[in-house]
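First comes the structure, then the notes that go with it.
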Amino acid sequence: MEARHGALEAVPITSYTIVVDDDGDKNDILRQKRVVEKQYIYDFAFGEDSTQEEVYSSTTRGLVRDVLLGYNATVFAYGATGAGKTHTMVGNQTNPGIMVRALNDLFNSIKGQQDVFQVKLSYLELYNENIRDLLNPSSGFLELREDHSGKNATVAGLTEIEASSTEEVMGLLLRGNRERTIEPTAANKTSSRSHALLSVTVTRIVGEERRLGKLYMLDLAGSERASNTKNRGKRLIEGAHINRSLLALGNVINALSYGSGGRYVNYRDSKLTRLLRQALSGNCRTVMVGHVSPASAHRDETRNTLLYAARASRITNKVEKNEIDVSFQVSQYRDIISDLRSEISRLKSKMVEDRPTSAELRSGRSTGTPVKQLREQIIATFREQMKLRRRLMDIDGHLMSLGVEAERQHQIISQWEARRTKLYTRSGRPGTTSSNAGDDFSEVSVHQAWSELSYIEREQERYVALRSATLKELDACRQTAVALENDLPEQLDSETEREMLSLLIRVHELEADKVALQGERLVESHELRRRGDMLQRFHRQQRLTDEIITRQRHLIEDGKIPLPSELQELYTLYQQEIHATTFSTDTAGIPYSVYDTLPPIKESEPLFKRNGERGYTGIALERLTNTADSEFGGRASTGGSTSTTEWDNSLPRLNTSSSSTHNQRPANTSTPPPVLFPPISKS
Ligand SMILES: Nc1ncnc2c1ncn2[C@@H]1O[C@H](COP(=O)(O)OP(=O)(O)OP(=O)(O)O)[C@@H](O)[C@H]1O
């Protein structure tokens with residue numbers, strides 16, 4: 001680590017806060033006494049005395065446990081050149097870094113287990129936008145390939161080596177590191193000029209089942225300012241590549257930190273971001289270790305790194321959702337049914353074709369399969385087709401259920417992540433370290449959600465494979481049916497046979513109708529479930545909005561801020577909406593208010609319920625509402641209970657008396673006035 005000199009200091013003041021003490025120009029008399037301090041709060045902050053083991057335990061040990069359970073995880077080091085990234089990630093033989101410690105932990109955990117584990121490693125470097133295999137450098141530059149969705153990138157031809165001990169891994173890493181492009185620069189004698197990615201794939205074999213967990217560990221090349229490094233020629237070009245890819249990474253982190261519905265996330269600007277796409281946005285737990293130098297020479301890089309780390313910590317593990325495309329499913333059902341109908345109509349057309357008479361047949365013109373046998377074969381193939389189609393529908397139905405379930409788990413995880421971020425920013429302590437029983441509970445449920453999700457993903461893979469096998473079978477069956485149909489005109493000779501066949505067709509028509517109805521019902525029920533989920537989410541959002549409006553009203557009232565007329569109008573509209581909803585009823589005549597679509601006046605309930613707890617976020621999410629007399633009952637023109645007469649806000653005061661607003665249910669719950677605000681006096 002570079003010695004500290006100059007004015008800027010980046011100092012961890014607690015185990016999770018870093019303070020940058022930037023007292024600027026000492027010669028500036030006016031500002032001499034003014035210390036400009038900027039505090040950054042992270043999950044953990046490490047000082048110069050922190051050991052490799054401390055860094056590893058706090059950042060990565062938990063990820064190793066997750067990988068063994070079948071999750072994906074990434075840890076990457078980010079920071080200015082010479083700030084200590086390689087030291088943290090790779091380390092040396094006597095004092096190894098995260099990579100070796102993680103694998104050591106992994107092997108130790110596997111040792112005590114009954115299940116069979118398989119651990120495979122690959123190690124690559126990204127140098128000047130070229131990928132090289134560090135375990136097999138002679139293979140030249142490798143190609144980065146993406147699947148059709150563009151979300152999963154793989155490196156074609158990358159060597160994967162199976163390892164079973166820490167010593168073996170040590171050997172492989174040393175071998176790989178020797179191949180890494182390291183050059184002396186003005187800023188660092190052993191500067192890594194490439195990004196190095198160690199991928200560890202752990203397969204856990206439990207009976208028939210295989211669980212796959214991946215751990216990516218990445219040592220990035222350092223960001224550098226050309227003016228600071230005094231690099232020339234080749235070094236300068238390398239630096240430009242490094243900065244370009246780091247800039248792309250920074251942009252991705254930036255965009256992701258805006259959350260869903262935020263900015264467009266462009267992963268395509270560099271191979272680094274394409275490689276890290278899954279780690280940053282997908283089904284993956286990611287840790288960023290930001291490295292800063294306390295030296296003033298690195299002032300800008302330090303600020304940049306601290307800022308990126310702060311943004312990265314805002315990325316709520318935005319697991320990309322498996323959106324359930326119901327219309328796609330509907331069109332699949334339609335395809336199946338139209339296939340079925342066209343087969344029936346083909347069969348029908350054969351019925352009306354001229355056929356030989358019994359006499360002709362008896363005279364020996366026809367030599368095909370006997371009619372009875374043929375009929376049985378046709379019935380059997382139809383039955384088989386129906387069976388396969390039903391299986392297909394079951395598979396599709398199951399895949400849809402899995403999709404809905406996955407979306408639910410994603411929600412649990414996202415909520416947990418969002419709450420964790422809030423806790424973190426409000427209390428200055430990360431939620432994960434809280435000893436609160438409720439947080440432990442939520443930790444457990446989020447772990448369950450991850451575990452569910454990984455199970456769902458495996459199930460989805462299994463069912464997709466089953467689906468394509470069933471489709472193949474169906475195709476073969478259909479061809480057999482066509483071949484049998486072609487035989488028909490030769491064989492049918494009597495009216496009885498025709499009638500039998502037309503009856504058969506009728507049966508199959510009914511069958512097709514049944515399939516159609518079943519398909520539609522299935523799709524509808526899934527759609528209803530999905531909408532139910534969406535409604536719940538909207539309700540949650542609405543409660544939050546109500547809460548925000550209420551609090552803002554408190555601010556307006558307390559601060560005696562005059563209310564702009566447009567806002568007054570919006571309040572009026574809002575109330576009208578609430579009024580309309582209160583008196584609307586559903587098809588059964590039950591008022592919507594019974595469903596609690598709006599926050600009831602006196603009810604006090606936390607937004608996120610937990611075993612006997614109020615709320616997670618530190619925002620007391622009780623509903624700050626009025627007493628029963630507030631809404632259509634009478635306070636309309638009272639103008640509230642404000643004692644200050646000179647303030648003319650035209651909004652009545654909110655009733656802030658805790659006894660009347662908190663933790664009480666109205667006595668008569670059958671007619672709750674589910675309105676947040678008292679009527680605005682002007683209206
Ligand atoms: N915490 C530390 N304790 C002891 N030495 C350290 C520490 N951090 C870094 N160093 C030493 O500082 C020097 C530069 O560190 P390192 O090579 O890890 O930086 P880097 O961020 O990877 O740089 P680059 O981006 O140029 O590759 C190395 O000699 C390294 O051993």
Side-chain angles (χ1 to χ4, degrees), residues 1-5 9-12 15 18 44-60 75-101 123-128 132 134 173-174 176-198 217-232 234-247 249-250 272 288-295 297-302 304-306 308-309:
M1 191 184 288
E2 195 155 337
R4 184 191 311 168
H5 52 84
E9 288 181 1
V11 191
S15 59
I18 288 183
F44 300 99
F46 306 98
E48 289 162 79
D49 301 328
S50 301
T51 62
Q52 295 277 62
E53 180 55 25
E54 278 166 13
V55 174
Y56 166 73
S57 309
S58 310
T59 59
T60 317
V75 52
F76 68 93
Y78 185 98
T81 182
K85 299 178 296 298
T86 310
H87 178 79
T88 302
M89 294 307 297
V90 183
N92 51 48
Q93 244 167 327
T94 49
N95 198 8
I98 284 176
M99 290 179 177
V100 174
R101 284 170 200 271
Y123 198 21
L124 63 82
E125 82 164 356
L126 188 58
Y127 173 67
N128 285 359
R132 278 180 63 228
L134 289 176
L173 282 181
L174 282 175
N177 285 333
R178 272 197 298 272
E179 298 299 333
R180 235 186 124 176
T181 313
I182 292 166
E183 303 284 351
T185 63
N188 182 2
K189 276 205 295 280
T190 52
S191 181
S192 317
R193 310 306 290 161
S194 66
H195 311 300
L197 174 64
L198 175 68
M217 290 177 276
L218 178 69
D219 176 23
L220 290 173
S223 56
E224 56 193 27
R225 312 204 109 201
S227 53
N228 283 3
T229 56
K230 303 185 188 74
N231 288 343
R232 297 286 172 271
K234 195 176 164 197
R235 294 290 88 81
L236 198 65
I237 295 169
E238 282 167 0
H241 275 291
I242 294 169
N243 284 344
R244 204 185 107 191
S245 55
L246 290 174
L247 180 70
L249 178 63
L272 177 66
M288 167 178 171
V289 187
H291 291 74
V292 290
S293 154
H298 292 296
R299 182 191 304 260
D300 293 339
E301 282 93 340
T302 298
N304 263 346
T305 304
L306 291 173
Y308 276 134

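Hydrogens, waters and symmetry mates play no part in the numbers below; they use all other heavy atoms, side chains included. Count residues from 1 along the sequence. Indexing begins at 1, ligand by ligand and atom by atom, following the structure's order. Computed from a predicted structure; not experimentally measured.
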Check your understanding: For Ala221, is at least one N or O under 3.5 Å away from an N or O on ligand 1?
Key ->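 Ala221 vs ligand 1: no N/O contact under 3.5 Å.
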**Study point:** Asp219-ligand 1 polar pair, N/O distance under 3.5 Å
**Key:**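 No, there is no polar N/O contact under 3.5 Å.
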Point to revise | Nearest candidate to atom 4 (C) of ligand 1, where distance is taken over non-hydrogen atoms, out of Met89, His87, His291, Arg180 | key: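 Answer by nearest heavy atom: His87.
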Review point. Between Gly82, Gly97, Ser194, which one has a non-hydrogen atom sitting closest to atom 23 (O) of ligand 1?
Key: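 Residue with the shortest heavy-atom distance to the ligand atom: Gly82.
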Check your understanding: Under 3.5 Å, is there a donor-acceptor pair between the Glu301 and Thr305 side chains?
Key ->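 Absent: no donor and acceptor within the cut-off.
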Check your understanding: Is Leu197 close to Phe76 at the side-chain level, that is, under 4.5 Å between some pair of heavy atoms?
Key ->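 No, every pair of side-chain atoms sits at 4.5 Å or beyond.
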Practice item. Kindly compute the distance separating CE (Met89) from CG (Leu220), expressed to the nearest 0.5 Å. Key: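 Answer rounded to 0.5 Å: 9.0 Å.
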Exercise for review: Measure the spacing between CD of Gln52 and OG1 of Thr88 and express it to the nearest 0.5 Å.
Suggested key: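 Separation between the atoms: 6.0 Å.
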Practice item. Name the orientation class of the two ring planes belonging to Phe44 and Phe46 (parallel below 30°, tilted from 30 to 60°, perpendicular beyond 60°). Key: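 Answer is parallel, since the angle falls under 30°.
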Check your understanding: Does ligand 1 have any atom sitting under 4.0 Å from a heavy atom of Ala80?
Key ->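 Within the 4.0 Å threshold, so yes.
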Practice item. Determine whether any heavy atom of Ala83 lies closer than 4.0 Å to an atom of ligand 1. Key: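 Contact present.
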Point to revise | Distance filter under 4.0 Å to Lys85 heavy atoms, resulting ligand 1 atoms | key: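 Those of ligand 1 that fall under 4.0 Å from Lys85 are 18 (O), 19 (O), 20 (P), 21 (O), 22 (O), 23 (O), 24 (P), 25 (O).
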Review point. Mind checking what makes ring-ring contact (aromatic ring centres under 6.0 Å, His included) contact with Tyr56, not counting sequence neighbours?
Key: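 Scan of Tyr56 (ring-ring contact (aromatic ring centres under 6.0 Å, His included), adjacent residues dropped) gives none.
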